[in-house]
Amino acid sequence: MIRLIPRLDIKGPNLIKGVKLEGLRKIGNPNEYARKYYEQGADELLYMDAVASLYGRNSLTEIVKETVKSVFIPITVGGGIRSVADAREILRSGADKVAINTAAVARPQLITEMANTFGSQCVVLSVEAIKQADGRWLAFTDNGREHTGRDVVEWVAEAVALGAGEILLTSVDREGGRKGYDLELIRAVSDVVNVPVIASGGMGEALHGVEAVEAGADAIAMADILHYGRDTVAGIREVCRQSGLAVRSQEAIA
Amino acid sequence: MSKVTLIDYGAGNLLNVQRAFEHLGAQVEIATTPEQVLAADRLVFPGVGAFPQAMAELQARNLVEAIREAAPQKPFMGICLGMQMMFEQSEEFVLTPGLGLLPGQVKPLPHFSMTGEEMTIPHMGWAKIRPQGVSWQNTLLAGVAEENAFYFVHSYYAETTEPQDQLAVFDFGGHAITAAVQRDNLVGCQFHPEKSGAGGLRLIEAFLQI
């Protein structure tokens, strides 16, 4: 079954949303949104601390502790996780998986250390991809601001070999644009890895999610479309089902 | 209020299991010693990670014999790796003996579907479970609807020796893989009820009523 994953970008105590990960706008209390998406039938939740790596810390621990009191689905947390000890703290607060980007680029061996400590299923490689004039994608960090010099397709293959159990693939170009996911990017990445790929960035309507799955994604991250109430998880699920995708049935959720 | 004792040997999902039980109003105790395991009303045995390491952690805490002694006498639920450890042995990394509460072996998930396609491993995500030969009446799964889904994260599975122990299976590339086991008061689920939304919570509630 494919997974529908609301993505909650967090700055300080607030749920925020930007365009191309920039121009962040305040949306509201993350726990209220998390709870709402859980009740709508989200298959997982994704919390990303949008400014953590700027300050070198993740401020999500308290939010996660509150969320897990009433939300009983898997939660992935990313942003500013620099070490096995950071990851352990996030997991102890109730997260099921941790997503790493900046620290993994700086020291790829961290992926292996985390996989050996917590298991590959716990380690999500977060990639911020920006398409280049030559048709390749380069990996960025810090909300698409910092260039890593790494080719996205080569980087994900290397990260999976090092122990990453899942890829969170964000197209910075498409993020917040509502014009659909970068399907070529999804194809290029899912062709080279056999771990699940979460497509992120660009969902403007439910059918965009269907396209992402047809391009090879195992899960769809969505933000804008839900935060601004243009659709619900249940509505998107129904479109996926009608399009022939294997999703958790609405009856199984209630 | 139902009392439940969670066996703590360092398993990663202990706190999430605890929160789910507490959410349902259970009084949760954490057992780290053989005496606490033996004194429990009902036992939950969580688990995430690798089989050999988890068995070594149990041995280091002197819990193996206590669990073997206590398990047949009270409601007992193994979750994920906890369920796998209820069996005789596992092939994960090196052949390692388990608790032997149920006859069977823990084996790697098939790497190819029945039609020859490469499977994604670990198996991570939601799957529908179904009975295979064994009725769910009067079992932990009695209240589970035909349309259901539970959350799985694993690379190994339990192969039961006795078909009647295999309470539920899920489809994995055409293979029927053990999703839940039950023999008398011993129950186990490969999926994570504490992460399976409302359906998972109902299962935990059912366990509290055994």
Side-chain angles (χ1 to χ4, degrees), chain A residues 1-5 37-45 64-76 87-88 91-98 115-124 160 165-166 190 193-198 216 218-219 237 246-254, chain B residues 10-24 47-51 53-54 80-81 92 111-112 117-129 144-156 170-172 191-204:
Chain A
M1 289 184 193
I2 61 132
R3 290 168 285 148
L4 306 178
I5 309 182
Y37 299 150
Y38 171 63
E39 283 166 359
Q40 288 177 4
D43 294 318
E44 289 186 31
L45 290 180
V64 173
K65 277 184 187 163
E66 190 56 35
T67 305
V68 295
K69 286 182 192 164
S70 60
V71 168
F72 297 98
I73 50 174
I75 299 175
T76 299
R88 183 174 286 119
L91 295 170
R92 284 201 73 86
S93 71
D96 299 277
K97 309 183 229 179
V98 291
N116 287 345
T117 311
F118 308 112
S120 282
Q121 82 289 339
C122 247
V123 185
V124 181
V160 169
E166 193 166 26
S190 55
V193 296
N194 64 349
V195 300
V197 174
I198 308 169
D218 299 274
R237 179 181 307 281
V247 288
R248 191 155 62 111
S249 80
Q250 201 62 41
E251 287 168 64
I253 291 162
Chain B
N13 64 335
L14 182 91
L15 285 171
N16 284 331
V17 174
Q18 178 177 357
R19 276 183 280 257
F21 274 95
E22 284 174 349
H23 181 76
L24 293 167
V48 164
F51 194 107
Q53 196 192 343
C80 194
L81 178 64
E92 187 170 358
H111 285 234
F112 293 94
E117 289 135 12
E118 193 174 2
M119 301 298 295
T120 301
I121 291 173
H123 170 229
M124 178 158 56
W126 297 79
K128 176 178 163 173
I129 67 169
V144 175
E146 192 190 336
E147 280 304 318
N148 65 67
F150 294 92
Y151 190 82
F152 291 77
V153 182
H154 61 126
S155 302
Y156 290 77
F170 69 97
D171 180 85
F172 188 69
F191 52 84
H192 287 275
E194 79 281 10
K195 286 288 165 182
S196 294
L201 294 179
R202 280 197 294 273
L203 214 68
I204 289 174

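To find a chain, count down the sequence lines: A is the first, B the second, and so on, and within it residues start at 1. It should be emphasised that the depicted structure is a prediction, and the values quoted were computed from it without experimental measurement.
In this structure, chain B has a heavy atom under 4.5 Å from the backbone of I253(A), while its side chain stays farther away. For T117(A), no part lies under 4.5 angstrom from a heavy atom of chain B. Residue contact with chain B, scored on non-hydrogen atoms closer than 4.5 Å, involves the side chain of K97(A) exclusively. At a 4.5 Å heavy-atom cutoff, E39(A) makes no contact with chain B through either its backbone or its side chain. Using a 4.5 Å cut-off between heavy atoms, R88(A) does not touch chain B at all. The part of S196(B) that comes within reach of chain A is its backbone (N, CA, C, O), which places non-hydrogen atoms under 4.5 angstrom from that chain.
Residues V48(B) and Q121(A) have side chains in contact (heavy-atom distance under 4.5 Å, counting atoms from C-beta outward).
Contacts with chain A were tallied for I121(B), L201(B), N148(B), V153(B); L201(B) has the most, counting heavy-atom pairs under 4.5 Å. Between chain A and the residues G200(B), A198(B), G197(B), P122(B), the largest count of heavy-atom pairs under 4.5 Å involves G197(B). Listed options H192(B), Q53(B), E147(B), E146(B) were ranked by heavy-atom pairs under 4.5 angstrom with chain A; first place goes to E147(B). Contacts with chain A were tallied for E118(B), R19(B), E22(B), R202(B); R19(B) has the most, counting heavy-atom pairs under 4.5 Å.
To the nearest 0.5 Å, atom CE of residue M1(A) and atom CZ of residue F152(B) are 9.5 Å apart. Distance check, rounded to the nearest 0.5 Å: CD of E44(A) to CH2 of W126(B) gives 8.5 Å.
When every heavy atom of M124(B) is checked against every heavy atom of P196(A), the shortest pair comes out as CE-CG, 3.8 Å. Annotation for A149(B) and A252(A): closest pair N-CB, 3.6 Å, computed over non-hydrogen atoms. Closest heavy-atom contact between D96(A) and N16(B): OD1-ND2, 3.5 Å.
Under the 3.5 Å distance criterion, the side-chain polar atoms of K195(B) are left unmatched by any main-chain donor or acceptor of F72(A).
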